[in-house]
Amino acid sequence: MYSAKAELEKAPKSFSVEKAHAAQRALSKHIITEDLLPNEICYVAGVDVAYTESQSIGGVVVINHSSLAVEESKIAYTTTKFPYIPTLLSFRELHPLLASIRKLELQPDVFLVDGHGLIHLNRLGLACHLGLILKAPTIGVAKGLLTGKVGEFVAGWAPITHEDSLIGVALLTGGSKNPIYVSIGHMVSLSRSMEIVKHYTKCHRIPKPLQIAHNLVTNEQRKLQKLERPTENSE
DNA sequence: GCGACAG
DNA sequence: ATCTTGTCGC
């Protein structure tokens, strides 16, 4: 029986980048690229992580899809145990994110994630990994490209391909010149992903749920740093 | 071989 | 991502 959590917990024991990549390739086979969202979406979540010297701050915000109102937001702190290694972002950010998501009372229809989904050398970016563990729909939204070829822009978007297969899109949003990169995380189609991201980027480059989640964890980070690092302004 | 590289 | 003041521009 498949268990994403069992797969994840193997890794730290005798960790190596090669083993982590192998685990990603194995996990990626379980990604569902079919639309399993309800036709009428009610709640969309945005998740993000910020850091202090030793703590990771995971945050999640739930937005009402039709009114755009914030319905719920949660924060969680975890000790940072894994460095940032390109291609292995999920090993760093998964735990703080899960800790915050576990606190939610509402169940979002889909999660927007600040990082790639299928646009990843092993087709298992943070958004995919999170989706597998949650067994919930996720969409990857990143501000920079790690891998993939950008096609020609038509009507505000360009395909991102890898070995002739479509793995995501570059989207010109909010009138910005720099695109954001959207890809399937889990249990949602690429066209539906684009549609949802567009709904939240009428006026801004970053989708509203992600922007609010980012503000949430950043504010919390500044509070923590004030406590950890008292003002050195003494007369 | 070297550099670049989601956050 | 984080460390950080002012500053150029729409």
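Below, chain A is the first sequence line, B the second, and so on; all start at residue 1.
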Quiz prompt | Under 3.5 Å donor-acceptor, Thr138(A) side chain and His186(A) backbone | solution =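 Present.
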Quiz item: Quick check: does any side chain N or O of Glu72(A) sit under 3.5 Å from a backbone N or O of Leu106(A), one acting as donor and the other as acceptor?
Solution: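 Yes, Glu72(A) side chain to Leu106(A) backbone: donor-acceptor pair under 3.5 Å.
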Quiz item: Between Glu195(A) and Lys198(A), does at least one N-O distance fall below 4.0 Å, as a salt bridge requires?
Solution: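 Salt bridge between Glu195(A) and Lys198(A), a charged N being under 4.0 Å from a carboxylate O: no.
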Heavy atoms under 4.0 Å, any strand shown: does [X] hit a base, just sugar-phosphate, or nothing?
X         : answer
Gly144(A) : sugar-phosphate
Ile57(A)  : nothing
Ile85(A)  : nothing
Thr147(A) : nothing

Exercise. Could you check Val47(A), Leu130(A), Asp114(A), Leu98(A) and say which one makes a side-chain contact (heavy atoms from CB on, under 4.5 Å) with Glu93(A)?
Key: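 That would be Asp114(A); it is the only one of Val47(A), Leu130(A), Asp114(A), Leu98(A) passing the side-chain contact (heavy atoms from CB on, under 4.5 Å) with Glu93(A).
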Self-check item: Residue among Val17(A), Asn122(A), Leu124(A) satisfying side-chain contact (heavy atoms from CB on, under 4.5 Å) with Leu88(A)
Solution: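 Going through Val17(A), Asn122(A), Leu124(A) one by one, the side-chain contact (heavy atoms from CB on, under 4.5 Å) with Leu88(A) is satisfied by Val17(A) alone.
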Practice problem: For the pair Tyr200(A) and Gln211(A), evaluate side-chain hydrogen bond (donor to acceptor under 3.5 Å, both in side chains) and give the outcome as yes or no after the intermediate values. | Solution: CA-CA 10 Å; Tyr200(A) 290 104; Gln211(A) 185 61 59; over 6 Å; no
OP1 or OP2 of [N] sitting under 4.0 Å from any side-chain N/O of [X]?
X         : N      : answer
His214(A) : dG7(B) : no
Lys143(A) : dG7(B) : yes
Tyr84(A)  : dA6(B) : yes

How many whole angstroms separate atom [atom1] of [X] from atom [atom2] of [N]?
X         : N      : atom1 : atom2 : value
His116(A) : dC5(B) : NE2   : P     : 12 Å
Lys149(A) : dC5(B) : NZ    : P     : 18 Å
Leu146(A) : dA6(B) : CG    : P     : 5 Å
Leu94(A)  : dG7(B) : CG    : P     : 16 Å
Tyr181(A) : dC5(B) : OH    : C1'   : 13 Å
Phe82(A)  : dA1(C) : CZ    : C1'   : 15 Å
His162(A) : dC5(B) : NE2   : P     : 18 Å
Asp114(A) : dT2(C) : CG    : P     : 11 Å

Practice problem: Indicate whether the side chain of Thr87(A) and that of His21(A) have a donor and an acceptor atom separated by less than 3.5 Å. | Solution: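 Checked: Thr87(A)/His21(A) side chains pair up, N/O donor to acceptor below 3.5 Å.
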Quiz item: In terms of side-chain heavy atoms of Glu93(A), which of dC3(C), dC5(B), dG7(B) is nearest?
Solution: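 Closest nucleotide among those given: dG7(B).
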Self-check item: Bracket notation of DNA chain C in which parentheses pair within the strand, [ ] cross earlier pairs, and | pairs with another strand (Watson-Crick or G-U, under 3.5 Å)
Solution: ..........
